[in-house]
4 protein chains.
Amino acid sequence: MAAQKPAHAPTPAPDRPHPDATRRSQRSRQAIYDAALALVAEVGYPKTTIEGIAARAGVGKQTIYRWWTAKADVLLEAFLDLGERAVQAAGEEAYAIPDTGDLAADLKVVLRATVDELRDPKFEAPYRALAAEGVVNEQLGREFVTRLLEPSLQLHADRLRAAQEAGHVRPDIDPRIGLELFVSPLAQRWLQHTGPISHAYTDTLVDYALHGLAPR
Amino acid sequence: MAAQKPAHAPTPAPDRPHPDATRRSQRSRQAIYDAALALVAEVGYPKTTIEGIAARAGVGKQTIYRWWTAKADVLLEAFLDLGERAVQAAGEEAYAIPDTGDLAADLKVVLRATVDELRDPKFEAPYRALAAEGVVNEQLGREFVTRLLEPSLQLHADRLRAAQEAGHVRPDIDPRIGLELFVSPLAQRWLQHTGPISHAYTDTLVDYALHGLAPR
Amino acid sequence: MAAQKPAHAPTPAPDRPHPDATRRSQRSRQAIYDAALALVAEVGYPKTTIEGIAARAGVGKQTIYRWWTAKADVLLEAFLDLGERAVQAAGEEAYAIPDTGDLAADLKVVLRATVDELRDPKFEAPYRALAAEGVVNEQLGREFVTRLLEPSLQLHADRLRAAQEAGHVRPDIDPRIGLELFVSPLAQRWLQHTGPISHAYTDTLVDYALHGLAPR
Amino acid sequence: MAAQKPAHAPTPAPDRPHPDATRRSQRSRQAIYDAALALVAEVGYPKTTIEGIAARAGVGKQTIYRWWTAKADVLLEAFLDLGERAVQAAGEEAYAIPDTGDLAADLKVVLRATVDELRDPKFEAPYRALAAEGVVNEQLGREFVTRLLEPSLQLHADRLRAAQEAGHVRPDIDPRIGLELFVSPLAQRWLQHTGPISHAYTDTLVDYALHGLAPR
DNA sequence: CGCTAAGCGAGACGGTACGTCCGGTCTTCCA
DNA sequence: TGGAAGACCGGACGTACCGTCTCGCTTAGCG
């Protein structure tokens, strides 16, 4: 795959050499993650300030500026860290897509779980904040996609490919596009408040996507 | 159904009665729209400030605060105004969805036009800015959807319903959900930079959505 | 001789045009003076910060930066204001130098008063701070001299000139230099802590200065 | 006379015992002196920072904090070191006051040399910086006087006492006060920018001081 | 036709947060 | 164990905007 150009830098890259990472205080790093997530949950992303994070974490502002370039950056890493800890707590396979042989059923199960997660208030605030920032800031957006969205999308693609091999999906379908038929509608409803999301809704999406809108 | 809570107001609605709108200066209003759109295009949404808009428009800050509650508000109206002027310039029917009897072809035409519009740099900056704000600010998000997205989505729904009556779409399909199969993937790719958008891509989306992923 | 270099400007004079002085808040100005003097007296000049002054005065920092360029500037004006109010309270002539015909006696009276003033803790802290700043910052130093020192020195020069006309001072003496014989020693002892200051000391100075060190 | 209070210490003397001075790096010490003097000359005292000195000297910050308590402290020692090296270079007696038998002439020679030194830009910046700090910080001020001013003043006092014995100065004159009549005016003009300093000026001072202002 | 009550340009104000700089302490690793 | 290096907490710096608040000045509409 061709090397992706690494997304423009808004500030012209002051060549700030990252300081010696081996001497970094893990204590401070964790405190900053915790503070950032707590503040976003409590007062919302726009009212979350670097100063506030530093104060809550009991950390000097410089310690934040030393390791991150922007508020969104901090939150992204904090959220990733949260995700990793959640994964470790839940067990790796909890996030895998089952393969019972019944594609529709398997997808419905996963999408229902996604709906539940999107509604979990613990995740909602930081997730929305990051998504919003990514809409406007392409650099962060790509990072968001690569590190948060992509792994999950890959699982869907894999499941579709398996179904293809089992003859349950047409061989000419590109799985990376196919999965968007049921994933993107849910994403848009949630992101842009274009409509309510529910288990019934995602079940419908899977049915529509698999069998098409046209009569057979 | 429980009464929908009407989207939280950040400031608890100080019941500030809009001042006498009949004496409003149209000259200032237009200057503010122009300044807002120009600034968003030039320096981006986050660096666009009320003060900057006021200065550029040659207007007192208070004149902005008198008529709008937030930066996003100004931009939303400015963008709507821009849209209206564009519609008037292009003729009403330019934005309608054709009905040649060939649903797939009609949808492809419209989606190709949408792709072109999304790529128009004149629209991109403010549109992204508003969408991003809407992700995080539910109140603005709903306004954004209602006033900008909904009219266009309605056209798609209407076209699907017509196709249903003509027997080209299964009768049990909910058009409001059906349209998401091809509209949402495009929206998500553009919004979240999850992938490139092109005419070929939207053509594929239409085919997948109409005929489904499963073999027939 | 060579042209005197006109007092260097530390920052290259950003041509910041003073804002509209007619709209200035006198309330804030006075509060800033009071806060500045109080803080210098309480915590000393180096620990007096612009931020602290603003907070104590209940004023935004910008209001200070709008009207003054530096901490020393604020204090200078505050001190001048204090002086003016003191003069008005004490009556104009309280600070004049008497002319009883007895030059030595008149000078001793005035120098004793100066000693008392230098020891007044209310004046000492800000006065020292300003003097110190003036030592290092020529621009402020000149302002300090012109607005605080000069008026008082002028009175001494006038008194010496009167004595000259009365034949009590040699006619070839330059009063502006002559006065330094008794004024500067006191100033240096106080400024640089080179020795104690007392009424006896200044009396001695006057005698030495009038009659010289050499035997007659 | 009451016991002199021993000059307040800003930090309450943490009894930090100076570390083992025998193992001290003379290399670092000298580098710090050089860096301090160079920085004060280049950017001025207020913009000279401990961090800057350390960086320029190629020294860790702790090495400075280990041996000195404050920026002024470093500079004072650096300046004293500079002075000692200058004395050794010029020969001891260069700074002595001559005794040709003509008091006025001898004093004029010495004061003219002082004027020249005060104008030497190499000395001016650090000297002013220290003097200014001493005005405000009594502890440093006394150290400044004792170690820098006093030795020179003592020479003047000695010369006056010799003149007294030779009958050229009245026997009731206190030499420590007498010398101030011509030394302090020069000091004040230089310190506070109250007037220009020149050879003619100091010559005049000597004449006035020796013969007094009053007619004989 | 003049009075009066808006809207308006301007911008000072009390604030909050920014991103930077430096003070002084502490820790690590080298000589 | 002194020193070079530099991360850390803290806190002030000077700037940029926020949203509110006066100021005079148009500019209607109404009396």
Side-chain angles (χ1 to χ4, degrees), chain A residues 11 14 19-25 27-28 31 47-55 57-67 69-71, chain B residues 11 14 19-25 27-29 31 47-55 57-67 69-71, chain C residues 11 19-25 27-28 31 46-55 57-67 69-71, chain D residues 11 19-25 27-29 31 47-52 54-55 57-67 69-71:
Chain A
T11 318
D20 185 346
T22 67
R23 307 188 48 185
R24 185 167 185 184
S25 160
R27 178 185 226 299
S28 297
K47 290 197 175 173
T48 296
T49 66
I50 300 256
E51 218 156 68
I53 295 172
V59 141
K61 279 202 287 179
Q62 203 57 41
T63 300
I64 297 185
Y65 285 110
R66 195 170 3 250
W67 302 106
T69 62
K71 181 171 67 161
Chain B
T11 318
D20 185 345
T22 65
R23 306 191 51 176
R24 183 168 184 182
S25 159
R27 178 185 225 297
S28 297
R29 188 213 285 248
K47 290 196 176 174
T48 297
T49 66
I50 299 256
E51 246 172 35
I53 295 171
V59 140
K61 282 203 287 179
Q62 201 57 262
T63 301
I64 297 186
Y65 285 110
R66 205 184 337 262
W67 301 106
T69 63
K71 180 171 68 161
Chain C
T11 317
D20 185 345
T22 66
R23 306 189 46 186
R24 185 167 184 182
S25 160
R27 177 185 225 297
S28 298
K47 290 196 177 174
T48 297
T49 65
I50 300 256
E51 217 156 69
I53 295 172
V59 142
K61 280 204 285 180
Q62 204 56 39
T63 300
I64 298 185
Y65 286 110
R66 199 175 354 253
W67 301 107
T69 63
K71 182 172 67 162
Chain D
T11 316
D20 185 345
T22 67
R23 308 193 48 178
R24 183 169 184 182
S25 159
R27 179 186 226 296
S28 297
R29 188 213 285 250
K47 290 195 176 175
T48 297
T49 66
I50 301 255
E51 243 170 37
V59 139
K61 280 202 288 178
Q62 200 58 260
T63 302
I64 297 186
Y65 285 111
R66 206 182 337 262
W67 300 105
T69 63
K71 181 171 67 163

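Hydrogens, waters and symmetry mates are skipped; everything else that's a heavy atom, side chains included, is used. A, B, ... follow the sequence lines: proteins, then strands. Residue 1 opens every chain. Values in this document were obtained by computation on a predicted structure and should not be read as measured data.
Summarising the geometry of C:Lys71 relative to C:Pro46, their closest heavy-atom pair is NZ-O, 3.8 Å, with the distance given to 0.1 Å. Taking each heavy atom of C:Thr63 and C:Ser28 in turn, the nearest pair found is CG2-CB, 4.4 Å. Closest heavy-atom contact between D:Ala57 and D:Ala31: CB-O, 3.5 Å. For the pair B:Ala70 and B:Ile50, the tightest heavy-atom approach, listed with the atom from each and the gap, is C-CD1, 4.5 Å.
Taking 4.0 Å as the cutoff to heavy atoms of chain B, we find the contact window on DNA chain F bounded by F:dC17 to F:dT27.
Distance OG1/D:Thr49 to NZ/D:Lys61: 9.0 Å, rounded to 0.5 Å.
When the local axes at the two ends of the helix from E:dC1-F:dG31 to E:dA31-F:dT1 are compared, using 5 base pairs at each end, they differ in direction by 10° after rounding to 10°.
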Exercise for review: Scan nucleotides 13-19 of chain E nucleotide by nucleotide, 5' to 3', and note B when protein non-hydrogen atoms come under 4.0 Å of the base, S if they reach only the sugar-phosphate, - if neither.
Suggested key: BBB-BBB
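In this structure, B:Arg24 satisfies the cation-pi test against B:Trp67, with its NZ or CZ atom closer than 6.0 Å to the six-membered ring centre and inside 45 degrees of the ring normal.
Rounded to a whole Å, the CZ atom of A:Arg27 is 12 Å from the P atom of E:dT27.
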